[in-house]
K.L.:
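Structure below; questions to follow.
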Amino acid sequence: MVTALIFAGGTGKRMNSRSKPKQFLEMHGKPIIIYTLEHFEYHDQVDRIVIVCIAEWISELKGLLKRYGITKAATIVPGGETGHDSIYNGLLAMEDSAARTDIVLIHDGVRPLINGDLITENINAVRKYGNAITSEPARESVVRSVDGESISEVPPRQQMYTAKAPQSFSYKEIRQLYERARRDGIKTIDSAHLCSIYHVPMHLVASTKNNLKITEPADFYIYRALYEALEGQQIFGI
């Protein structure tokens, strides 16, 4: 079985949106979270979707799932204090129904610019290599600073990538990693970081272009422009 674990537990403080969390902001009358979910809903290898959502917005989300025909959303659970906690909550919610060899695709609810091919590549990579970390080549030089003032290293740009999503694993592997992190008191930015801490080999999958995570107001407007450009390509063949 293949499960998409979508975490949409953030309140979107950096979006400066007082009315609703960022994942519920609308573009052309449809919430961002729905654009994201549709990629997994319409993929023939994804069997179900587990969503981690802000507790106060679960009722709203259920209404949206019904309105837009998202039928694979089997489970909705409340989010945690951090993204790390939200992913852990989602993994816990799967424990009674997921086999240890099941595949889990972990994805941000506010990262809608992916496609079916990327989902397929993630699934195939987990089957072949054990996991898949969607990544994009760095477009600019990356510098490393320990103290935030002086630059200690500038790695070769051709070796640098940005970790994106989905980040995909067997249920057994990723559940064990989050359990271990819980015992050790560790919380990470994403699952790839967790793998790095525990020296788990990771397989790189090339991201789609413009795999944007909508975090700040500018991201929303960039997303809208990119979405409209993609729609134009479909209509006019440009």
Side-chain angles (χ1 to χ4, degrees), residues 4-10 12-15 22-23 32-33 35-36 39-40 52 82-84 86-87 90 103-126 128-148 150-169 173-174 177-178 181 186-227 229-230:
L5 172 54
I6 311 298
F7 59 101
K13 293 179 181 178
R14 282 176 285 179
M15 284 295 293
K22 56 188 177 181
Q23 56 270 32
I32 292 169
I33 182 68
Y35 284 103
T36 301
H39 292 293
F40 300 94
V52 185
T82 67
H84 179 100
S86 292
I87 293 173
I103 293 173
V104 184
L105 286 76
I106 300 174
H107 194 72
D108 307 281
V110 289
R111 198 184 286 273
L113 289 175
I114 61 169
N115 59 30
D117 289 341
L118 180 59
I119 293 172
T120 299
E121 288 176 18
N122 268 257
I123 293 169
N124 290 341
V126 175
K128 186 173 182 179
Y129 302 103
N131 58 43
I133 306 299
T134 301
S135 304
E136 184 179 84
R139 298 180 184 181
E140 300 184 60
S141 294
V142 177
V143 302
R144 182 173 183 268
S145 175
V146 177
D147 56 12
S150 59
I151 294 175
S152 55
E153 183 184 5
V154 183
R157 190 173 70 182
Q158 63 270 27
Q159 298 177 9
M160 296 296 104
Y161 291 78
T162 303
K164 302 283 187 174
Q167 298 183 3
S168 308
F169 308 86
E173 177 187 33
I174 196 61
L177 280 178
Y178 274 86
I186 292 173
K187 292 187 179 182
T188 58
I189 296 172
D190 61 13
S191 302
H193 187 199
L194 189 59
C195 288
S196 178
I197 288 172
Y198 289 119
H199 307 291
V200 175
M202 290 175 276
H203 181 74
L204 187 153
V205 169
S207 177
T208 52
K209 291 184 178 179
N210 304 308
N211 188 354
L212 176 72
K213 181 180 179 182
I214 301 170
T215 304
E216 299 180 351
D219 299 329
F220 178 83
Y221 295 108
I222 293 169
Y223 164 58
R224 185 170 68 182
L226 289 169
Y227 177 85
L230 289 169

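Since this is a predicted model, take the numbers as computed values, not measurements.
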K.L.:
Would you call the rings of Tyr129 and His203 parallel, tilted or perpendicular, taking 30° and 60° as the class edges?
P.N.:
parallel
K.L.:
Using side-chain contact (heavy atoms from CB on, under 4.5 Å), reason through Val205 and Leu118 one step at a time and then give a plain yes or no.
P.N.:
CA-CA 8 Å; Val205 169; Leu118 180 59; 3.9 Å; yes
K.L.:
Tell me, yes or no, whether the heavy-atom count around Glu140 atom CD, taken from other residues, nucleotides or ligands under 6.0 Å, exceeds 12.
P.N.:
no
K.L.:
State, to 0.1 Å, how close Tyr178 and Ser191 come at their nearest heavy-atom pair, and which atoms those are.
P.N.:
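Scanning both residues completely, I find the closest heavy atoms to be OH-OG, 2.8 Å.
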K.L.:
Can you tell me how far CD1 of Ile214 sits from CG of Leu113, rounded to the nearest 0.5 angstrom?
P.N.:
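The distance works out to 7.0 Å.
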K.L.:
Quick one, Thr215 and Val110 - any side-chain contact, counting heavy atoms below 4.5 Å?
P.N.:
no
K.L.:
As an exercise, state the distance from CG of Asp190 to CD1 of Ile133, rounded to the nearest 0.5 Å.
P.N.:
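If I round to the nearest 0.5 Å, the distance is 7.5 Å.
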K.L.:
Do you know the tightest heavy-atom contact between Glu136 and Asn211?
P.N.:
OE2-N, 4.1 Å
K.L.:
Minimum heavy-atom separation for Asn122 and Ala132, please, with both atom names.
P.N.:
OD1-CB, 3.6 Å
K.L.:
Once rounded to the nearest 0.5 Å, what's the spacing between atom OH of Tyr35 and atom OH of Tyr227?
P.N.:
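Nearest 0.5 Å value for the OH-OH distance: 4.0 Å.
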K.L.:
Would you say the side-chain atoms of Ser168 pair up with the backbone N or O of Ile123, donor to acceptor, closer than 3.5 Å?
P.N.:
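Flag not set: sc Ser168 to bb Ile123 has no pair under 3.5 Å.
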K.L.:
Rounded to the nearest 0.5 Å, what separates atom CZ in Arg111 from atom CG in Leu212?
P.N.:
7.5 Å
K.L.:
Before you tell me yes or no, could you show the steps for Phe40 and Ile114 under side-chain contact (heavy atoms from CB on, under 4.5 Å), namely the whole-Å CA-CA distance, both residues' side-chain angles and the distance that decides it to 0.1 Å?
P.N.:
CA-CA 10 Å; Phe40 300 94; Ile114 61 169; 3.8 Å; yes
K.L.:
CD1/Ile106 to OG/Ser86 distance, rounded to the nearest 0.5 angstrom?
P.N.:
11.5 Å
K.L.:
Where do Asp219 and Lys22 land on the side-chain contact (heavy atoms from CB on, under 4.5 Å) test, with the steps shown first?
P.N.:
CA-CA 11 Å; Asp219 299 329; Lys22 56 188 177 181; over 6 Å; no
K.L.:
Would you confirm whether Thr134, through its side chain, and Lys164, through its main-chain N or O, come within 3.5 Å as a donor-acceptor pair?
P.N.:
no
K.L.:
Is the count of non-hydrogen atoms from other residues, nucleotides or ligands lying under 6.0 Å from Ile197 atom CD1 greater than 12?
P.N.:
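Buried by this count: over 12 neighbours within 6.0 Å.
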K.L.:
Would you name the heavy atoms of His107 and Pro166 that are closest together and state the gap between them?
P.N.:
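Of all heavy-atom pairs spanning His107 and Pro166, the closest is ND1-N, 3.4 Å.
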K.L.:
Just by modelled atom types, is the Ser135 backbone N or O under 3.5 Å from a matching donor or acceptor in the Ser207 side chain?
P.N.:
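Checking the backbone N and O of Ser135 against the side chain of Ser207, no donor-acceptor pair under 3.5 Å is found.
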K.L.:
If you round to the nearest 0.5 Å, how far is CD1 of Ile87 from CD1 of Ile6?
P.N.:
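Output value for this atom pair is 10.5 Å.
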K.L.:
Which residues satisfy the side chain to side chain donor-acceptor pair (under 3.5 Å) test with Ser141, sequence neighbours excluded?
P.N.:
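So Ser141 forms no side chain to side chain donor-acceptor pair (under 3.5 Å) with any residue.
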K.L.:
Could you walk me through whether Phe169 and Ile103 pass side-chain contact (heavy atoms from CB on, under 4.5 Å), step by step?
P.N.:
CA-CA 6 Å; Phe169 308 86; Ile103 293 173; over 6 Å; no
K.L.:
Can you name the residues that form a side chain to side chain donor-acceptor pair (under 3.5 Å) with Thr82, not counting sequence neighbours?
P.N.:
Asp85
K.L.:
Answer yes or no: are there more than 12 heavy-atom neighbours, outside Tyr221 itself, under 6.0 Å from its atom OH?
P.N.:
no
K.L.:
If every non-hydrogen atom of Ile119 is compared with every non-hydrogen atom of His39, which pair is closest and at what distance?
P.N.:
CD1-O, 3.6 Å
K.L.:
Pro112 and Ile32: which non-hydrogen atoms are nearest, and at how many Å?
P.N.:
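Scanning both residues completely, I find the closest heavy atoms to be CG-CG2, 4.2 Å.
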K.L.:
If only atom types and distance count, is the side chain of Gln23 paired as donor or acceptor with the main-chain N or O of Gly109 below 3.5 Å?
P.N.:
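Judged by distance alone, no pair lies under 3.5 Å.
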